[in-house]
2 protein chains.
Amino acid sequence: MPKQLTEMLKGTLEGVVLAVLAGRAAYGYEITTWLREQGFADIAEGTIYALLLRIEQRGLVDVEKRPSEKGPPRKVYSLNAQGGEYLDEFWRTWAFLTERLERLRSGQESEHAQQQESQGRQQEEGI
Amino acid sequence: MPKQLTEMLKGTLEGVVLAVLAGRAAYGYEITTWLREQGFADIAEGTIYALLLRIEQRGLVDVEKRPSEKGPPRKVYSLNAQGGEYLDEFWRTWAFLTERLERLRSGQESEHAQQQESQGRQQEEGI
DNA sequence: AGCCGGTACCTAGCGTTACTATCTACCAGT
DNA sequence: ACTGGTAGATAGTAACGCTAGGTACCGGCT
């Protein structure tokens, strides 16, 4: 995994997991394998477990322990109300970032119109 | 600034600065104020200077010292070939992440079609 | 002269995050 | 008895952005 992705995942991986849990309740091992299927080839298992403990201690998820047919009991996480709000906030922040980045990327190919100073530019709200 | 953005910036801020430098040579103070105008309301000055030192030591940028009319001399950074490659890699990684996130977000509103296991799903290359 | 604000750069210490590596535990098949 | 898959946890490390300062140069004001 390129180091760039590792750094980019900081902050977003949490949102990813919360988004998964918004869709359906799940346990750590399940989430890890699902992420691998989604192309996040080698996200460390330990990372997910640590993340789940974090969001549990912050009260963003509810936990239920369920026995497994083939292994130790599972800790099934589900998003609660507070986690839902936090996830909404995450998506807003993510949208903010992607807008800025998209503008940067598209503004890079066509190089012009930037010597006329910073006037007349629509100034969106900052965060 | 929400803490979420702080974490998300890890990894991406570097790409942002490199992208700016790909457009035109610039110095730290200039980049900081420009970022503020772009909506990154309160990115710490120190963060930018530390970041510039980092990418300088990695050989991604060339540096030229130029006197300023109203202050200490400026350190003007410009992207070099190696930095260009690194920036390309950054955009690829960014595209990878945004694709996965976009899929997650849009898949959340319409909740269905995910109980039919992970077969027949086009498996894109992971990173 | 003294002071302040703007310009311009730098640094030490801190908190948060993901990764590495390793450990425990349960069960099925060989 | 051993291996492999399932399931969870943790100590230590590296990287990054932030906080909170500091230095230095210059012009205008009192």
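These figures come from a predicted structure and were not determined experimentally. A, B, ... follow the sequence lines: proteins, then strands. Residue 1 opens every chain.
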Q: Report the distance from atom CD of A:E30 to atom C1' of D:dG5, rounded to the nearest whole Å.
A: 16 Å

Q. Of the candidate nucleotides C:dA8, C:dT17, D:dA9, which contains the atom at the shortest distance from the side chain of A:L53?
A. D:dA9

Q.
For nucleotides 20-30 of chain C, give me one character per nucleotide, 5' to 3': B if any protein heavy atom sits under 4.0 Å from the base, S if the only such contacts are to the sugar-phosphate, - if neither.
A. B----BB----

Q) Side chain of A:Y27: nearest nucleotide among D:dG8, D:dG17, C:dA18? A) D:dG8

Q: Could you check A:L13 against A:I43 for side-chain contact (heavy atoms from CB on, under 4.5 Å), going step by step and ending with a plain yes or no?
A: CA-CA 10 Å; A:L13 184 57; A:I43 285 192; 3.7 Å; yes

Q) Please give, in whole Å, the distance from C:dC9 C1' to B:Y29 OH? A) 11 Å

Q | Phosphate contact (C:dC9 OP1 or OP2) by B:R74 side-chain N/O below 4.0 Å | A | no

Q. How long is the line joining CD1 of B:I48 and C1' of C:dC9, in whole Å?
A. 13 Å

Q) Across the strands shown, which category fits A:L52 at heavy-atom distances under 4.0 angstrom: base, sugar-phosphate, nothing? A) nothing

Q. Roughly how many Å is it from CD in A:E14 to P in C:dA18, rounded to a whole number?
A. 7 Å

(Q) Is any side-chain heavy atom of B:Y29 closer than 4.5 Å to one of B:R74? (A) no

Q: Report the distance from atom CZ of A:R54 to atom C1' of D:dG8, rounded to the nearest whole Å.
A: 16 Å

Q) Does the cation-pi check pass for B:R100 over B:W94, that is, NZ or CZ under 6.0 Å from the six-membered ring centre and within 45° of its axis? A) no

(Q) If you only use heavy atoms from C-beta on, which nucleotide in C:dC19, C:dC10, D:dC18 is closest to the side chain of B:T6? (A) D:dC18

Q: Rounded off to whole Å, could you give me the CG-to-P distance for the B:L13 and D:dC18 pair?
A: 7 Å

Q: Test A:E64 against A:R66 for salt bridge (Lys or Arg N to Asp or Glu O under 4.0 Å), laying out the working first.
A: CA-CA 6 Å; A:E64 189 195 350; A:R66 270 184 238 168; 3.3 Å; yes

(Q) From CZ of B:R36 over to C1' of D:dG17, roughly how many Å is that when rounded to an integer? (A) 14 Å

**Q.** Aromatic centroids of A:F96 and B:F40 separated by under 6.0 Å
**A.** yes

Q: Could you check which of D:dA14, D:dG17, C:dC10 has an atom nearest any side-chain atom of B:K75?
A: C:dC10

Q) For residues A:Y86 and A:E14, is any side-chain donor paired with an opposing acceptor at under 3.5 Å? A) yes

**Q.** Gap between atoms OH and P, on A:Y49 and C:dC19 respectively (whole Å)
**A.** 15 Å

Q | 5'-most by nearest nucleotide on DNA chain C - B:A50 or A:G11 | A | B:A50

Q: Indicate, yes or no, whether a donor-acceptor pair under 3.5 Å links the base of C:dT16 to the side chain of B:K3.
A: no

Q.
Could you check whether any side-chain N or O of A:D62 sits under 3.5 Å from a backbone N or O of A:Y77, counting only pairs where one atom can act as donor and the other as acceptor?
A. no

